[in-house]
Amino acid sequence: MNEARFLNRFLQVAWPSALLVGGWAVWVRANGYTDLVAPMPQSVAADVLTHPGAYLGPVLTTTWTALAGLVAGMLLGGLLAVAVWSSRLLTAVLTPAAVLMRSVPVVAIVPVMIGLFGTGRPAVVAITVVVTFFPAFSLVASGLRAPSASTRDVFTVLGASKPATLTRLLIPYAVPNALVAVRIAAPSTILSAMLAEFLIGKSGLGFMFVDSVSYSHYARAWGTGVVATALAVASFVAATRLERRTLERVS
Amino acid sequence: MSGAVVDNGRPSRGTDAGHAAVELRGVVKEFPLSRRREPLRALDGVDLTIAHGEFVALLGPSGCGKSTVLRMIAGLEAPTAGSVEVAGGAPAALIERHRLGVAFQDAALLPWATAWDNVALPFRLAGRPVPEERVRALLETVGLEGFARARPKQLSGGMRQRISIARAMALEPDVLLLDEPFGALDAVTRRRLNLELGAVWARLRTTTVLVTHDVAEAVQLADRVVVMTGRPGALAHVEPVSAPRPRGEDFTRGHAFHEVVDRLVALLDDPSDGRR
Ligand SMILES: Nc1ncnc2c1ncn2[C@@H]1O[C@H](COP(=O)(O)OP(=O)(O)OP(=O)(O)O)[C@@H](O)[C@H]1O
Ligand SMILES: [Mg+2]
């Protein structure tokens, strides 16, 4: 039983990885690319495995940046959803603004963020927030409308205040949706953190990529890509776990 | 058994002398359907006065406006014309003082909260400390003392309705509003819950409005059965049921009970006969 589950898990991870690495190797070979264009998987793997210390610092930096962006984005999205719930006027003001914010390409937001936050980590975090807040906003907003009409009627008849209705009924009902938002946003937060670091950063995986390219260290540049992908997948798995654990406890 | 004693720790009759517990005068309710079409007239001139400590059942075919009457007493809908007064004022005034209790056909419990927390909810919403003794007593009243820590999904439909009713009674409301609370249950469970509710009510004597399709349920529980007709909704007949309480199975097996039930069933089949 346990063995079967383990095998199942293993296949889940092994199958896409094998496809990815195999496809990569075939692609490089078939086109006869040199290391300058695209290194072979084994040379990238060798660099990652023989220099784990070089990757550890940037991985931690990017993880922390992404986590900060995720938390801040979830909070911002949740607060916006509550604001929209609380007033018609705010709905009319905030909803188009949020959609617009999400529809502008990240690259175009970068100069704005540099203007607001400078070129340090705050700007990088702010860019990840832009990516994260929208799923949180739209999913929490719909979660706040999830309780049944009869439950809302019970709260009304029992004389619940608006804040009490929010904290005791609507927000708990929005928790499952908020967790879906975390799951959706987690991988893209990692990747957008890396993108932001690539564009303006002075640390993290994105900066490591720029740095490696400038020293023509292509195996390492590709290594940052591989590590970032693994990190994004790991964040998705962690978010899925968090979701399952919490749902077991609350519903 | 001293069933007739008012022992809810609060004088329910007499203090509010001068006005009824619930008073509907010339109540009309229209629902807008679409911009162009005529609004739907759900209720057409309903007059109904309910005394303090009285149990009134609203009986009638589906769509005749029973729930609409109840929702107006609960302050969830406003009448298009006429007036609805509860304890001498607007329902909203009573809601603000947390003096109304309500239970619907679906239990409408909080799925993440235990039975205990669901029953404690009205105290929290009223901003009062939760009296643990009282919550325990309420769970005991509805026969769920052993399930305080269970969540709704771990309980049967009947158990969930018991919690819903315990929650409605938690703050000792001035008026208790029940909209087909046992409507989704099987006949056996429903009968048992009706007997239990009758026994509890005989002790508390909270002014109660019960909406139901079930004639036997109405006659067994109510002091007065109000029969409604539909399209548009109006009162067709009022049947006083004066049997003493608590009404046990000897009452529901008796001749008088069946005679009234049969008469009301006939009335529902052909409501024009009963129109006054
Ligand atoms: N919010 C609403 N909007 C439009 N029409 C409504 C609304 N609520 C009720 N109605 C209409 O009013 C009429 C009476 O509805 P109501 O729910 O009071 O009936 P009921 O007697 O409770 O029926 P049932 O026994 O099936 O619950 C129905 O024709 C219904 O379609
Ligand atoms: Mg109804």
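Chain letters run A, B, ... following the sequence lines, proteins first and then strands; every chain starts at 1. Since we're looking at a predicted model, the values are computed, not measured.
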At a heavy-atom separation under 4.5 Å, does [X] approach chain A through its side chain, its backbone, both, or neither?
X	result
B/A126	neither
B/L110	side chain
B/L121	side chain
B/R97	neither

- Task: Could you check B/R124 against B/D117 for salt bridge (charged side-chain N to carboxylate O under 4.0 Å, His left out), going step by step and ending with a plain yes or no?
- Result: CA-CA 9 Å; B/R124 297 192 169 126; B/D117 283 320; 3.1 Å; yes
Side chains of [X] and [Y]: donor-acceptor distance under 3.5 Å anywhere?
X	Y	answer
B/T80	B/E30	no
B/T206	B/T208	no
A/E197	A/T62	yes
B/E85	B/H19	no
B/T207	B/D174	no

- Query: What option among A/T165, A/D153, A/T156, A/V175 has the most heavy-atom pairs under 4.5 Å with chain B?
  - Reply: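 Between A/T165, A/D153, A/T156, A/V175, the count favours A/D153.
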- Query: Out of A/A160, A/S161, A/P172, which one racks up the most heavy-atom pairs below 4.5 Å with chain B?
  - Reply: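 Going by pairs under 4.5 Å, I would pick A/P172.
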- Message: Evaluate B/E132 against B/R134 for salt bridge (charged side-chain N to carboxylate O under 4.0 Å, His left out), listing each step before the verdict.
- Response: CA-CA 5 Å; B/E132 303 203 1; B/R134 168 103 179 111; over 6 Å; no
- Item | Whether A/F6 and A/F10 hold their rings parallel, tilted or perpendicular, with breakpoints at 30° and 60° | parallel
- Expected contact set for residues 139-150 of chain B against chain A at heavy-atom separation under 4.5 Å reads none
- Query: Would you find a donor on one side and an acceptor on the other, under 3.5 Å apart, between the side chain of B/D223 and the backbone of B/F55?
  - Reply: yes
